[in-house]
Amino acid sequence: MKTKYAFLLLLIVSSLTLLPFLGEALFYSKGEPREAIVAVSMLQSGNWILPVSNGDMIPYKPPFMAWCIALFSLPWGHVTEYLSRLPSALALIWLILWTYVFYVKKGGKGRALLTAFLLLTSFEVYRAGVACRVDMLLTFFTVGAIYSLYSYWRRGLKGVPLMAILMMSGACLTKGPVGVVIPCAVAGLFMLLKGERFWKVFGLLFIWAIAACVIPALWYVAAFNQGGEQFRELMLEENIGRMTGTMSYDSHLNPWYYNVITLVCGFLPYTLLLLFSLVALFRHYRLHKPADGLWNAIRAMEPETLLSAVASITIFVFYCIPASKRSVYLLPMYPFVAFLIAGYLQSLAKASKRTIKVYASVLSGLAIIVFGAFLFLQCGDFPYGMLKGKHALENSLYVTAMTQHFPWFRWILAEIPALVALLLIIKLRKLSGYGALAGSIALTVTLYWAFAGVFQPAILNTKSDKRIATALNELEPERNVYAYTQDYNTRFFGVDYYLNDRLKSIADAPEGAEGYMIITVDDGKTYLPENAGKYDFYLLKHFRTRSCDLRKEVLLLKFKPRTVD
């Protein structure tokens, strides 16, 4: 396939996979509305430097993601779930295309195309590409900076790597200095392994790192002028405290092997294929064991292969250091790991096509089982009595969501993977290893279509806190409403988003105010008795399914100033 046609194919497939269903699912976790509400506050207040949302909270992250959301939302006048997730989706599409273009001249057309499709269809990458979070935007800038610094090395370290500087600036404005540190660390180690002098590499990368910090520094200064000591402490905690484990609150504390687990899970479904090929891999290693030793073998690698290995190891080790670990932190290594896996799968397709065909059969079987389960739930005969335990109500709602009537086009989306799976099974015996691998990837793409267009929104919308916001909106459609949370960093971000940032802390309610408030059942056990002398509280509704933000049941109350008889 010609390069331009492969590029067009990637653009069409990635766009069809990521863009149509971005707004189908409501916000169902605290992370997405926490990012979106910053853009809401920007549009409402006109403050694009350090807007305050949820009454008194300044943003946890630099503003690039919020700027993108706000700019996309300007023509419409309001922020939606679709527009909030659009920056991540576009960043992933651009990253896929850039990855193909970067590797096509260096790793071959077939391997570059396979790398791009592995990147699109790996679960962790796909998940981040359809979420209103900073992680995919950070990944685009970080990986783009590494690609650009590699091209700078290819030019003999001559001139100014303007694209790399801009990419690192964007990464720094997305999540902080880590967006400058990682590209420089990867590029520096790679250049040293290729024989460049240490002080030359260190000096040049230091200069370009400083240059990349110029634009972000303008925002940091402006934000400090607005936020003062509160902003300084937050930035130190998010950037220094998170790395050193000295944060004032526990945030995603996990052991080092957590990164191994998340990487294995993140590359699903291809982790299954790699697992099936372990025997062939061991046999290949025995036959092709480096005769000159591992170090010499590393030095002899093709530059793009060495870059991919260095980037993968460096990023992985870097994020093993802090106590705070999340699966999305490893996203910048996915393009490079995908390139290494693509090379291995090409060899596997030649040497052991049976392994790939077994994987294709298993994946096809799973696709058919998923559609069969969907048909079963649509029949409405699910035995709800088997759902027991403290979360039985929530689980029953998930099941009920799949029994609803779906329009015809969603039925088609649900059927396509099963049809592709049947076709793949019928043709599998005649297919080559490459054909079976291509068929498996095509099936994976259609599974994502069904997941995003049918299964995910139906199930996850039952988790959304929009139901709480709807109840508050019916009671009070214009004025502020209130909430209480014991922890300052824990808020009802989803409720606040769906109330258009009208949710304030009850501590900030004017003297003598009356109105409506929400509080978790656990917090209510202490807050309500302690404030019984100040307010009269009236229970209006008890939400027995847990809030997606606080993971606890919520009470909707009316409060009035306490009158003394």
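Note: hydrogens, waters and symmetry copies are ignored here, and every other heavy atom, side chains too, is used.
- Under a cut-off of 6.0 angstrom, the local environment of CG in L97 is crowded, with over 12 non-hydrogen atoms contributed by other residues, nucleotides or ligands.
- Between the side chain of E32 and the backbone N or O of C132, at least one donor-acceptor pair lies under 3.5 Å.
- Screening L422, L423, I416 against V420 for a side chain to side chain contact (heavy atoms under 4.5 Å, CB included) leaves a single residue, I416.
- Looking only at distances, a side-chain donor or acceptor of T470 sits under 3.5 Å from a matching main-chain atom of K466.
- Between the side chain of W48 and the backbone N or O of W67, no donor-acceptor pair lies under 3.5 Å.
- Under the 30°/60° scheme for interplanar angles, the aromatic rings of Y270 and Y359 are found to be tilted.
- In this pair, F190 and Y150 present their aromatic rings tilted. The plane angle is within the 30 to 60° band.
- Within the structure, salt bridge (charged side-chain N to carboxylate O under 4.0 Å, His left out) contacts touching residues 7-30 (residues at least two apart or in different chains) are E24-R410.
- A donor-acceptor contact shorter than 3.5 Å is absent between the side chain of S148 and the backbone of I165.
- Without hydrogens or angle criteria, T262 side chain to N259 main chain gives a donor-acceptor distance under 3.5 Å.
- For the residue pair N473 / R502, a side-chain donor-acceptor distance below 3.5 Å is found, with atom types taken as modelled.
- No donor-acceptor distance shorter than 3.5 angstrom exists from the side chain of D465 to the backbone of V495, with no hydrogens or angles considered.
- Separation of the F406 and F374 ring centroids falls under the 6.0 Å cut-off.
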Working note: F21 + L413, criterion side chain to side chain contact (heavy atoms under 4.5 Å, CB included); need CA distance, chi angles, decisive distance, verdict.
CA-CA 12 Å; F21 312 114; L413 285 175; 3.7 Å; yes
Using side chain to side chain contact (heavy atoms under 4.5 Å, CB included), reason through L26 and L460 one step at a time and then give a plain yes or no.
CA-CA 8 Å; L26 302 172; L460 295 183; over 6 Å; no
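- Side-chain atoms of R111 come within 3.5 Å of backbone N or O of F339 as a donor-acceptor pair.
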Go through the steps to decide whether Y334 and T139 satisfy the test side-chain hydrogen bond (donor to acceptor under 3.5 Å, both in side chains), and finish with yes or no.
CA-CA 9 Å; Y334 275 73; T139 299; over 6 Å; no
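- Judged by distance alone, the side chains of Y103 and S308 do bring a donor and an acceptor atom under 3.5 Å apart.
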Can you give each donor-acceptor pair under 3.5 Å made by side-chain atoms of residues 437-450, sequence neighbours left out, with the distance rounded to 0.1 Å?
| from | atom 1 | to | atom 2 | distance (Å) |
| --- | --- | --- | --- | --- |
| S440 | OG | A436 | O | 2.8 |
| T444 | OG1 | S440 | O | 2.8 |
| T446 | OG1 | L443 | O | 2.7 |
| Y448 | OH | T121 | O | 2.7 |
| Y448 | OH | F123 | N | 3.4 |
| W449 | NE1 | T17 | OG1 | 3.2 |

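- T99 places no side-chain N or O within 3.5 Å of a backbone atom of A116 that could act as its donor or acceptor partner.
- Within 6.0 Å of atom CE in M163, 12 or fewer heavy atoms from other residues, nucleotides or ligands are found, so the atom counts as exposed in its surroundings.
- Using a 30° and 60° split on the angle between ring planes, F451 and Y126 fall in the perpendicular class, above 60°.
- Counting only distance, with no hydrogens or angles, the side chain of D549 and the backbone of F493 share a donor-acceptor pair below 3.5 Å.
- Relative ring orientation between W94 and F140 is described as tilted, the plane-to-plane angle lying within the 30° to 60° band.
- Side chain of S464 to backbone of F27: a donor-acceptor contact under 3.5 angstrom is found.
- Around the CH2 atom of W411, the shell of radius 6.0 Å holds more than 12 heavy atoms that belong to other residues, nucleotides or ligands.
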The test is side chain to side chain contact (heavy atoms under 4.5 Å, CB included); show your working for V52 and N47 and say whether it passes.
CA-CA 9 Å; V52 176; N47 183 346; over 6 Å; no
